[in-house]
Undergrad: 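Right, I'll just put the structure down here and ask away after.
The first residue in the sequence is number 1, and the count goes up from there.
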Amino acid sequence: MSTKTSWGGVLRRTVLKPSESNAASALCRGRGRHQNTFSHPLSTLSLSNTWHFSRSRGTGAGASVAEASSTKQQKTSASSSPSSSSSSSSAPSSSSEENVSLWKAPLDFKFIRDSVDQVKANCKNRNAAADPQLVAELYESYLEKKQALAEVQQDRNANAKKLKKKMEKEERDALINDGKKYKEQIAVLEQALEEVEVDLQREGQKIPNMTHPDVPIGGEECSNTLETVGKQQDFGFKVKDHLKLGETLDLLDFEAAANVTGSKFYYLRNEAALLELALVNYSMSKAVSKGFTPMITPDLVRTEVLEKCGFQPRAENTQNYSVANSDLCLTGTAEIPLGGSVMNSLLDESSLPIKMAGYGRCFRTEAGAAGQASKGLYRVHQFSKVEMFVVCTPEQSEELLQELIEIETDMFKELGLHFKVMDMASHDLGAPAYRKFDVEAWMPGMERYGEISSASNCTDYQARRLNIRYRPESKQGEKKKPKNVFVHTLNATACAVPRMIVAILENFQQEDGSILIPEVLQPYMHGRKVIGPPSQGGT
């Protein structure tokens, strides 16, 4: 299938049917610029295949849209993928039942078994709740059961072949009885194989991506500062935080939103509403000028898509909202529907890289977030964001990560912000990220730096789960056609609106209480250059 686009030529891709999904692939892990594909015996696995279960639900904190409750993860063979996001839930009850789907991913269990110490160290460095030793043991059990099944199937086939010959009735009856025994044995072995395969998938999906060798090991405090742009201003007067500024200038209304929806929701009023639209248009325009295809994405996605992108809708402290009595979740970032838009695709190498910039609304439970650092617009349940998403070859991904962070920093320089670029430490990496750069802007009213964007190289972690591959172009003189390869995916924040508003209000405040609008945003603000008190208005 070819999709015409004025932004990136023609995107040629084949949408794979479930039966065409190839699972003879590798563990979702980063290997820098050189990715190897490992074949393994799980050749029957398909990314589009799922197991369906019913399980008892316990109580847990979390995220149903209808009831603001989430499902507590169960430690049974029917529990959900650990590298997933929150699932839909009903009222918590120890006796209630919930349907659970566990999808199959082409993980390289052979690599885990053969490199179990390396994978263990990586999990420890990332503070990941995964058990590579258990995965290795389950893989051995899987191989044993698969071999036993193959041997009985071989005996059954040999028995069936004998039945095609002429023979006495007694001999034929004996072979028929043997055939029945083989059928029963096969049924038992297939059931045992499926059970261990479910456990293998569940535990294997908990294992995070491998980690770039230059990533600092430890908590957020261990992160390295790569670049510092600008410096903290000397205002010469007592600065206000964005909440005080927003209240004085009639820009923010948290009280009305709390009455209408709840805490951590808000109304943007007057110039703040225009400022959101200006930031979205400015950042989208910058992305399009860099060759990104503009997209407006769905705000609801299937739970399975969210899980395959590395989020955890079923976790006890999930950041994702689920829709009760459905298989849908509200997205926490446009990264999810953008990745899903190329799910189950076989792309031509000539179409890569694919660059998309998606505008969407983001919804997050912010479970566990509290305190002064989360006040006001800095941490909210709903916000707008422009997200960049890239699909590329393994050889392109490291260079594209640098391109993404340069796009981000160029915008923040144009906006006149003081910020620093951080190479984030291992504990701060989400499961999909091989490496992540954060940009933290100085927020004088809050008296600290706050994250305003990030850029991550997820290597093939998401691609293997979403089943996105490409056909390498044949090199001159090669007789054998190259095997299809999983792509790499990257994501980066072009603009997370609320935090950008925080940074602008606090950094551009004036002694008279007004706010200067950054010059690059003025064309999107109907000519306004200043946000003044309601009695004065902007000019």
Side-chain angles (χ1 to χ4, degrees), residues 28-30 32 61-62 73 82-86 117-133 205-229 232 309-312 315-320 332-333 335 364-375 378-380 398 401 404-405 408-409 412 418-443 446-459 461-462 490-493 496 499 502-503:
C28 318
R29 66 185 185 282
Q73 192 172 16
S83 60
S84 40
S85 334
S86 81
D117 290 339
Q118 180 183 348
V119 179
K120 278 182 182 179
N122 182 64
C123 290
K124 181 180 179 181
N125 289 341
R126 295 172 70 114
N127 209 21
D131 189 346
Q133 186 63 50
Q205 290 174 26
K206 293 179 183 178
I207 295 177
N209 204 341
M210 298 300 282
T211 308
H212 191 285
D214 292 341
V215 168
I217 305 302
E220 186 177 354
E221 69 282 356
C222 299
S223 302
N224 291 333
T225 301
L226 301 178
E227 181 185 9
T228 300
V229 175
Q232 297 179 23
C309 288
F311 295 83
Q312 298 183 349
E316 185 171 357
N317 290 320
T318 179
Q319 294 299 313
N320 304 108
T333 169
E335 169 194 345
R364 301 181 184 180
T365 68
E366 296 297 352
Q372 187 74 4
S374 300
K375 71 177 183 178
Y378 189 80
R379 199 175 297 279
V380 290
E398 287 199 2
L401 180 62
L404 288 171
I405 197 66
E408 292 177 337
T409 56
F412 304 144
H418 163 45
F419 62 89
K420 54 185 181 179
V421 181
M422 310 293 294
D423 188 358
M424 300 310 293
S426 57
H427 288 187
D428 200 61
L429 301 181
Y434 177 62
R435 193 176 195 181
K436 181 167 78 88
F437 298 138
D438 279 2
V439 177
E440 298 182 355
W442 176 245
M443 299 177 177
M446 298 178 73
E447 299 183 321
R448 68 183 184 87
Y449 290 92
E451 179 191 343
I452 57 172
S453 75
S454 65
S456 300
N457 184 357
C458 297
T459 62
Y461 182 97
Q462 293 174 326
L490 302 95
N491 63 82
T493 309
R499 293 191 182 181
V502 172

Undergrad: Taking ring pair (Phe, Tyr, Trp, His ring centres under 6.0 Å) as the test, write out the residues that go with Tyr449, two or more places apart.
TA: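 Testing Tyr449 for ring pair (Phe, Tyr, Trp, His ring centres under 6.0 Å), a comparison that skips the adjacent residues, returns His418, Trp442.
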Undergrad: Answer yes or no: is there a side-chain heavy-atom contact under 4.5 Å between Ile452 and Met443?
TA: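 Yes. Closest side-chain heavy atoms under 4.5 Å.
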Undergrad: Of all heavy-atom pairs between Ala455 and Ile405, which one has the smallest distance, and what is that distance?
TA: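 Minimum heavy-atom separation between Ala455 and Ile405: CB-CD1, 4.3 Å.
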Undergrad: What salt bridge (Lys or Arg N to Asp or Glu O under 4.0 Å) pairs are there with at least one residue in residues 120-133, not counting sequence neighbours?
TA: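 Listed once each, the pairs would be none.
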Undergrad: Who are the side chain to side chain contact (heavy atoms under 4.5 Å, CB included) partners of Asn125, not counting sequence neighbours?
TA: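 Partners of Asn125 by the side chain to side chain contact (heavy atoms under 4.5 Å, CB included) criterion, ordered by chain and then number, come out as Ile217, Ser426.
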Undergrad: Given side chains that start at C-beta, do those of Phe412 and Val229 come closer than 4.5 Å, heavy atoms only?
TA: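 No - every pair of side-chain heavy atoms lies 4.5 Å or more apart.
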Undergrad: Could you pull out all residues at least two apart from Arg435 that satisfy salt bridge (Lys or Arg N to Asp or Glu O under 4.0 Å)?
TA: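 Partners of Arg435 under the salt bridge (Lys or Arg N to Asp or Glu O under 4.0 Å) test: Asp423.
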Undergrad: Below 4.5 Å, heavy atoms only, C-beta onward: do Arg379 and Arg499 meet side chain to side chain?
TA: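 Sidechains of Arg499 and Arg379: in contact.
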Undergrad: With sequence neighbours excluded, what pairs up with Glu447 under the salt bridge (Lys or Arg N to Asp or Glu O under 4.0 Å) test?
TA: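 For Glu447 there are no salt bridge (Lys or Arg N to Asp or Glu O under 4.0 Å) partners, ignoring immediate neighbours.
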Undergrad: Got a second to check how far Leu226's CG is from Thr409's OG1, nearest 0.5 Å?
TA: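 It comes to 11.0 Å.
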Undergrad: Taking only residues two or more places apart in sequence, or in another chain, which ones meet Phe437 in a ring pair (Phe, Tyr, Trp, His ring centres under 6.0 Å)?
TA: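 Phe437 satisfies ring pair (Phe, Tyr, Trp, His ring centres under 6.0 Å) with no residue once adjacent residues are dropped.
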Undergrad: What pair of heavy atoms forms the shortest contact from Pro216 to Ser223, and how long is it?
TA: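 In this case the closest contact between Pro216 and Ser223 is CG-CA, 4.3 Å.
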Undergrad: From Ser454 OG over to Met424 CE, what is the distance, rounded to the nearest 0.5 angstrom?
TA: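 One gets 9.0 Å once the value is rounded to the nearest 0.5 Å.
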